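Take this structure, written in structure tokens, and hold onto it; I'll ask about it next.
All values derive from a computational prediction rather than experimental measurement. Residue numbers start from 1 in every chain, and the chains themselves are labelled A, B, ... in the order their sequence lines are given, proteins ahead of strands.
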There are 2 protein chains.
Amino acid sequence: MAVQTAESTTTPDAPAPAGAVDLGPAAALSCRECDHRVPLGPVFACEECFGPLEIAYDFSAYDTEELRARIEAGPANIWRYAPLLPVPADVADKPNINPGWTKLVKADNLARELGVTGGLYVKDDSGNPTHSFKDRVVAQAIEAARAFGFTTLSCSSTGNLAGAVGAAAARAGFRSCVFIPHDLEQGKVVMAAVYGGELVGIQGNYDDVNRFCSELIGDPAGEGWGFVNVNLRPYYAEGSKTLAYEICEQLGWRLPDQIVVPIASGSQLTKIDKGLQELIRLGLVEDKPYRIFGAQAEGCSPVSTAYKAGHDVVRPQKPDTIAKSLAIGNPADGPYVLDIARRTGGAVEDVSDEQVVDAIKLLARTEGIFAETAGGVTVGVTKKLIENGVLDPSLTTVVLNTGDGLKTLDAVAGTGLTATIRPNLDSFREAGLA
Amino acid sequence: MAVQTAESTTTPDAPAPAGAVDLGPAAALSCRECDHRVPLGPVFACEECFGPLEIAYDFSAYDTEELRARIEAGPANIWRYAPLLPVPADVADKPNINPGWTKLVKADNLARELGVTGGLYVKDDSGNPTHSFKDRVVAQAIEAARAFGFTTLSCSSTGNLAGAVGAAAARAGFRSCVFIPHDLEQGKVVMAAVYGGELVGIQGNYDDVNRFCSELIGDPAGEGWGFVNVNLRPYYAEGSKTLAYEICEQLGWRLPDQIVVPIASGSQLTKIDKGLQELIRLGLVEDKPYRIFGAQAEGCSPVSTAYKAGHDVVRPQKPDTIAKSLAIGNPADGPYVLDIARRTGGAVEDVSDEQVVDAIKLLARTEGIFAETAGGVTVGVTKKLIENGVLDPSLTTVVLNTGDGLKTLDAVAGTGLTATIRPNLDSFREAGLA
């Protein structure tokens with residue numbers, strides 16, 4: 001069940017009709033389980049085995065050095081990698097939110113605190129347009145929606161995704177209709193509503209919202225609707241590959257030795273692995289071992305629980321953690337994550353909510369980066385893996401921060417004034433601040 | 001009182017002793033009022049006339065095309081312009097927060113709504129590390145603090161600046177001590193406190209905080225302290241020049257015809273003008289006319305009031321507006337702003353808080369950019385200036401968004417769900433969403 005990119009096979013068994021859709025190097029959809037191929041379209045499950053479909057590429061025409069030069073001359077966003085993504089060649093000219101090319105911060109202060117000597121980096125995706133990595137995947141879904149003639153962009157969400165879809169749809173000229181539980185906190189509603197699309201509260205919990213969306217996709221009422229993480233999921237998911245591409249290019253076209261990735265559905269981690277494998281096969285980086293580590297919060301740790309128990313299957317959990325953007329109790333890509341962690345010599349670990357908060361503060365006070373709870377999870381897990389001797393501090397290590405602390409202020413609400421004084425020097429001296 | 005860059009005079013009358021401080025092309029401090037020069041140091045007011053000191057440069061050695069190539073080969077942050085800033089040549093190797101090179105978004109949807117035909121762009125500084133333009137100025141202050149041997153970085157603030165100083169000091173290895181009114185909203189306190197520096201609440205209002213800071217600078221207790229916007233102000237302020245540099249480079253080394261800039265102290269607007277003038281003198285852009293427009297909120301509009309009345313002096317106001325990051329009732333650079341607006345054929349205008357909110361929503365629903373209230377002010381003023389026939393819609397126009405909507409959520413708190421339904425298709429159809 002190894003996760004493989006599919007470009008090695010250049011003759012799809014069911015090619016898309018010529019001229020049907022132009023999604024660049026994307027050649028077909030291929031089942032991750034049984035390799036059955038179908039033409040590119042808004043489908044996500046294999047008709048043979050119900051396995052997940054993913055994009056199969058034809059990269060056979062690329063010359064390594066020409067490709068590298070083309071990427072380096074490209075725009076300062078994910079479209080520099082258009083030759084490796086399911087998007088048309090002129091994608092940079094179309095209205096999109098243009099995420100990516102976020103900072104890879106050399107985290108020397110954090111490295112000192114954690115005892116990392118081989119070079120520690122934070123890939124800081126809070127620099128994306130709506131301040132989370134979701135902009136990367138939504139940008140892909142937008143281009144697929146355009147290719148398939150969809151006019152409405154939709155999703156179910158409780159947070160980052162709602163904002164990313166609202167913003168991207170507004171700019172790209174799509175109607176958007178986002179479904180959320182009706183009793184979401186007011187702040188999150190505002191962040192999603194400000195872009196002016198339809199924002200529909202569903203009387204029910206998040207599971208009810210998801211069930212309703214599945215019903216809508218199968219109904220004539222949902223015709224012309226692209227659900228970014230359902231019927232556009234194969235395209236959407238590819239956006240996470242760009243994290244792998246950027247990290248390697250920013251390291252000087254070099255693979256990191258170790259990379260720590262948060263796990264929600266697990267899709268991001270599998271696509272980062274796919275991206276690294278592609279760079280190796282294309283000759284853009286040297287082929288050498290790398291380890292991928294998965295990070296979860298203790299209160300939603302189905303994958304790390306399975307990893308530690310040596311299981312191949314992931315048993316669902318009921319989430320209870322402050323890391324809400326990672327709180328998927330039944331992660332679709334959990335088994336693939338287990339496979340990748342084991343195959344690469346990585347691991348999957350989890351940390352408590354208290355450790356998440358400590359890690360958010362640690363990253364802020366060492367590197368000036370204010371991370372979302374998901375970033376607290378990856379930094380906290382990195383610390384724990386080093387302390388447990390699992391992560392090797394003498395190797396080059398990249399930690400992902402996938403979101404922004406401004407969106408999860410509650411997590412650090414206990415942080416406050418270090419002193420209160422009267423407006424004079426005596427009071428200042430008394431407080432011991434001089 | 002025309003605002004002039006000073007690099008035309010290459011022989012400062014009081015040069016810094018050789019080897020004293022290395023701040024690259026910065027040659028001396030020069031009084032904006034009387035041209036008196038003093039060596040580079042942590043001073044901000046002229047000893048002769050009490051006028052504001054600003055940086056005088058020696059750019060005489062630069063060859064235009066060599067300089068352009070050097071900039072283009074530089075990093076994707078403000079340090080690509082190191083040859084034009086008061087920083088050492090190796091600044092990019094030092095720990096700093098590395099802001100800048102934010103997106104210049106071609107705003108075609110907004111242009112259609114506003115009737116702009118000559119090209120409309122939003123310079124979106126919400127992409128900076130702490131999501132406001134303050135990162136640009138603080139990054140400069142950090143390098144000056146390093147050069148002068150300061151160990152503590154400080155400021156008075158009620159918002160964006162506190163976060164920018166906290167983050168940059170953490171990463172650059174300075175102690176930070178930020179002073180705020182003790183009764184600030186909890187959210188703003190958290191955003192400033194998370195970086196782990198001293199955050200001191202002053203029992204008093206913002207004026208009391210400022211008075212206390214001035215007292216501290218003159219006292220031995222303040223020795224070794226760099227106040228970014230007081231004794232480091234001449235260096236700090238230069239950071240705003242980078243907005244001008246980036247806009248022109250991102251337009252393909254071309255001056256915009258019109259640029260709309262928010263006014264708080266007015267410093268940003270004057271430094272953008274200084275930056276544009278420098279690019280012209282250095283031959284990096286063609287010398288042609290440009291117009292600078294200043295934008296204020298009606299509830300704090302001392303400069304636009306003076307502009308409309310034809311005055312040269314600015315009468316202080318007591319601020320009362322939701323655009324709190326612009327709420328400076330007695331703007332130090334107000335007279336210079338009036339001069340620049342008049343000299344360049346621009347104007348200064350203001351909009352009501354209601355228009356600010358409308359403009360925030362307009363920008364979000366057309367371009368997917370969620371701006372702080374200050375961005376609502378510039379977009380709102382742009383709309384008003386077009387409607388009044390003051391801003392020419394047939395010319396290339398750049399509007400600044402200097403902050404992030406996540407920091408001023410209250411302004412759009414009225415935004416919410418567009419519908420609430422039960423989780424079934426009948427309810428969906430009844431709501432007219434199909």
Side-chain angles (χ1 to χ4, degrees), chain A residues 76 95 97-98 103 108-109 127 129 131 167-168 170-171 173 177 182 186-187 189-191 193-196 198-204 208-209 211-212 215-216 219 221 360-361 364-368 370 405-407 409 412-413 415-425 428-429 433-434, chain B residues 76 95 97-98 103 108-109 127 129 131 167-168 170-171 173 177 182 186-187 189-191 193-196 198-204 208-209 211-212 215-216 219 221 360-361 364-368 370 405-407 409 412-413 415-425 428-429 433-434:
Chain A
I97 202 139
N98 303 337
K103 289 182 198 299
D108 290 343
N109 298 331
H131 306 323
R171 180 157 167 78
C177 186
H182 72 117
Q186 177 60 15
V189 174
V190 170
M191 286 182 214
V194 72
Y195 302 104
E198 305 277 350
L199 185 68
V200 179
I202 299 276
Q203 288 167 345
D208 295 320
V209 179
R211 260 191 303 273
F212 169 72
E215 213 184 330
L216 185 53
D219 190 88
I360 291 173
K361 291 181 187 170
R365 83 174 154 75
T366 53
E367 301 299 338
F370 184 18
L406 291 181
K407 295 193 186 179
L409 277 179
V412 288
T415 318
L417 297 175
T418 50
T420 303
I421 64 172
R422 295 182 304 283
N424 62 59
L425 290 168
F428 175 78
R429 288 195 186 92
L433 291 162
Chain B
I97 201 139
N98 303 337
K103 289 183 197 299
D108 290 344
N109 298 330
H131 306 323
R171 179 154 167 79
C177 186
H182 71 118
Q186 178 60 14
V189 173
V190 170
M191 285 181 214
V194 73
Y195 302 103
E198 305 276 352
L199 185 67
V200 179
I202 298 277
Q203 289 168 345
D208 294 320
V209 179
R211 258 192 303 273
F212 168 73
E215 213 184 329
L216 185 53
D219 189 89
I360 290 173
K361 292 181 187 169
R365 84 173 154 76
T366 53
E367 301 299 338
F370 184 18
L406 292 181
K407 294 193 187 180
L409 278 178
V412 288
T415 318
L417 297 175
T418 50
T420 304
I421 64 171
R422 294 182 305 283
N424 61 60
L425 289 168
F428 176 78
R429 288 197 187 88
L433 290 162

- Task: State the CG-CG distance between A:Leu216 and B:Asn424, to the nearest 0.5 angstrom.
- Result: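 A:Leu216 atom CG to B:Asn424 atom CG measures 11.5 Å (nearest 0.5 Å).
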- What residue, out of A:Gly405, A:Gly416, A:Gly173, A:Ala76, has the most heavy-atom pairs lying under 4.5 Å from chain B?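 Looking at each option in turn, the highest pair count goes to A:Gly416.
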- Message: Within the structure provided, determine whether A:Asp219 and B:Phe428 are in side-chain contact (heavy-atom separation under 4.5 Å).
- Response: no
- Item | chain B interface, residue from A:Leu409, A:Thr420, A:Val194, A:Leu406 that has the most non-hydrogen pairs under 4.5 Å | A:Val194
- May I ask you to name which of B:Val200, B:Asn109, B:Thr366 has the most heavy-atom pairs under 4.5 Å with chain A? B:Val200
- Item | Most chain A-contacting option - heavy-atom pairs closer than 4.5 Å, from B:Leu425, B:Ile97, B:Val209, B:Asp108 | B:Leu425
- Checking heavy atoms, do the side chain of A:Arg429, its backbone, both or neither come under 4.5 Å from chain B?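 Answer is side chain: those atoms of A:Arg429 sit under 4.5 Å from chain B.
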- Note on the structure: Most heavy-atom pairs under 4.5 Å with chain B, out of A:Pro129, A:Cys177, A:Ala413, A:Gly196, belong to A:Ala413
- Message: Just so I understand: if I count every heavy-atom pair under 4.5 Å between each of B:Lys407, B:Gln203, B:Met191 and chain A, which residue has the most?
- Response: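 Between B:Lys407, B:Gln203, B:Met191, the count favours B:Gln203.
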- Message: Treating A:Lys103 as the side-chain partner and B:Asn98 as the backbone partner, does any N or O pair qualify as donor plus acceptor under 3.5 Å?
- Response: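 Yes; at least one donor-acceptor contact below 3.5 Å.
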- Message: Please rank A:Ala168, A:Pro423, A:Ala167 by heavy-atom pairs under 4.5 Å with chain B and give me the top one.
- Response: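 Answer, by heavy-atom pair count under 4.5 Å with chain B: A:Pro423.
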- Count the heavy-atom pairs under 4.5 Å between each of B:Arg365, B:His182, B:Glu215, B:His131 and chain A, then report the option with the highest count.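 Maximum pair count with chain A is reached by B:His131.
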- Query: Does some side-chain heavy atom of A:Ile421 sit less than 4.5 Å from a side-chain heavy atom of B:Ile202?
  - Reply: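 Heavy-atom side-chain distance check passes, below 4.5 Å.
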- Item | Euclidean distance, A:Asp208 CG relative to B:Arg422 CZ, rounded to 0.5 Å |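 Interatomic distance, B:Arg422 CZ to A:Asp208 CG, rounded to 0.5 Å: 13.0 Å.
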- Message: To the nearest 0.5 Å, what is the distance between OG1 on A:Thr415 and CD on B:Gln186?
- Response: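 Rounded to the nearest 0.5 Å, the OG1-CD separation comes to 8.5 Å.
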- Message: Minimum heavy-atom separation for B:Gly368 and A:Ala170, please, with both atom names.
- Response: N-CB, 4.1 Å
